[in-house]
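Below is one structure, written out as structure tokens; comments come after it.
Worth knowing before you read on, the calculation uses all heavy atoms, side chains too, and leaves out hydrogens, waters and symmetry mates.
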Amino acid sequence: MLRSNIPKRRVVLFTAALLLSGGSVLAPALADAVTFSAPDGTQGTPQQETTGGATRTGSQCAASAGASSEQGAMALIPSSNVGLTVGERPTFFVFVPATTAKEASFSLQDESENLIYRTKVPLPSGGGVMGVALPATAPALQVGKNYKWMLEVHCSAEFDPDNPLVEGLVRRTEINSALASKLEKASTNLERSAAYGEEGIWYEAVSALAAARQLQPQDSNLESNWEELLTSAGLKAIATQPLTR
């Protein structure tokens, strides 16, 4: 009999996984567990359960024809408003509702509020969760440093104080021995997402699971894992929104 040693306080979703071996033999694999447990020392500015990071609602843009959403733009960030990354240039995820706005500005600031990166990104006209990846030309995040990232939806003029704005915090940390061991054993994006989530590494947990869903958009198990991961981090309001890119 297998006994689970996962703490009860963690939200866990088990999914059955099948691996194709030798191109012809279908063999069952151990169930994967997608878990997010915020580590100690990541307290930022606590938010309400469904806010997903600090938000300036502003004058929400009118939804495109035939589409509507009662949920405003939201950063995919734990309810503490700060998430950890182990990458030099992580990917940031944001939910943007259906809108007539065509683009947004993404910016990144260091601890002294110095602007270190800014770019414009196109918006999905039908709304959904989108990712913004830092390119190789962007400065690498430094270990142990906090950064603030923001996405401003251009409802009207660029940098208009009435534009909707979402923001979150990111702190880069090093890969510890426990995470390194789990990643060495992981062979799929789902397994990597579980490993990152168990160790409290938010940005890579979301990125790995998003990559898995984009490769297999019809996989209901991945969809369920995605919803559970977001819900466990206080993002229930957007857990079922479509993943656009």
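The line from CD of Q216 to CD of E223 is 13.0 Å long, rounded to the nearest 0.5 Å. Atom-to-atom distance recorded for S105:OG and H154:NE2 is 2.5 Å, nearest 0.5 angstrom. Rounded to the nearest 0.5 Å, atoms OG (S79) and NZ (K236) are 14.5 Å apart. Taking CH2 of W202 as the reference point, atom CD1 of I77 lies at 7.5 Å (rounded to 0.5 Å). Annotation: the span from T119 atom OG1 to L108 atom CG amounts to 12.0 Å, rounded to 0.5 Å. Rounding to the nearest 0.5 Å places CD of E152 at 10.5 Å from NZ of K120.
When side chains are defined from C-beta on, E103 does not count as touching P122, because their heavy atoms never get closer than 4.5 Å. Two residues are said to be in side-chain contact when any heavy atoms from C-beta on lie closer than 4.5 Å; L165 and M150 meet this criterion. Side-chain contact between L169 and R171: absent, with no pair of heavy atoms (C-beta onward) separated by less than 4.5 Å. Looking at heavy atoms from C-beta onward, L230 lies out of side-chain contact with F36 at the 4.5 angstrom threshold. No side-chain heavy atom of R213 sits less than 4.5 Å from a side-chain heavy atom of D219.
In terms of modelled atom types and a separation under 3.5 Å, the side chain of R89 and the main chain of A138 share a donor-acceptor contact. In terms of modelled atom types and a separation under 3.5 Å, the side chain of E111 and the main chain of N146 share a donor-acceptor contact. Remark: side-chain polar atoms of E199 are not paired, donor with acceptor, to backbone N or O of G197 under 3.5 angstrom.
Smallest separation of non-hydrogen atoms from A133 and T91: CB-OG1, 3.4 Å. What you find for P242 and G127 is that their closest heavy atoms are CG-O, 4.1 Å. For T231 against A239, the heavy-atom pair with the smallest separation is OG1-CB, 3.7 Å. Minimum interatomic distance between S193 and L229 (heavy atoms only, all atoms of both residues): OG-CD2, 4.4 Å. Contact detail for A211 and N189: the closest heavy-atom pair is CB-ND2, 3.8 Å. Considering all non-hydrogen atoms of both residues, S107 and L115 come closest at CB-CD1, 3.7 Å.
Taking the side chain to side chain contact (heavy atoms under 4.5 Å, CB included) definition, one finds that S181 meets it with K185, sequence neighbours left out. Here T85 pairs with P90, L141, V170, R172, Y203, E204 under the side chain to side chain contact (heavy atoms under 4.5 Å, CB included) rule; sequence neighbours left out.
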Criterion side chain to side chain contact (heavy atoms under 4.5 Å, CB included) on V153 and N163, from CA distance to verdict
CA-CA 6 Å; V153 178; N163 283 340; 5.7 Å; no
Could you go step by step and tell me if T244 and V96 meet the side chain to side chain contact (heavy atoms under 4.5 Å, CB included) rule?
CA-CA 10 Å; T244 62; V96 179; over 6 Å; no
Go through the steps to decide whether M130 and V121 satisfy the test side chain to side chain contact (heavy atoms under 4.5 Å, CB included), and finish with yes or no.
CA-CA 10 Å; M130 56 179 283; V121 294; 3.9 Å; yes
Quick one: do T173 and V86 satisfy side chain to side chain contact (heavy atoms under 4.5 Å, CB included)? Show the steps, please.
CA-CA 5 Å; T173 187; V86 294; 4.1 Å; yes
Under the side chain to side chain donor-acceptor pair (under 3.5 Å) rule, what do E191 and S187 come out as? Steps first, then yes or no, please.
CA-CA 7 Å; E191 292 172 349; S187 60; 3.1 Å; yes
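Under the 4.5 Å side-chain heavy-atom criterion for Ile, Leu, Val, Met, Phe, Trp and Tyr, L179 and V143 are members of distinct hydrophobic clusters. Cluster membership for I116 and F106, using ILVMFWY side-chain heavy atoms within less than 4.5 angstrom, is shared.
Considering Y117, F93, F92 as possible partners of W149, the one that fulfils the ring-ring contact (aromatic ring centres under 6.0 Å, His included) test is F92. For the side-chain contact (heavy atoms from CB on, under 4.5 Å) test with L243, the passing option among V129, L209, L222 is V129; the others fail.
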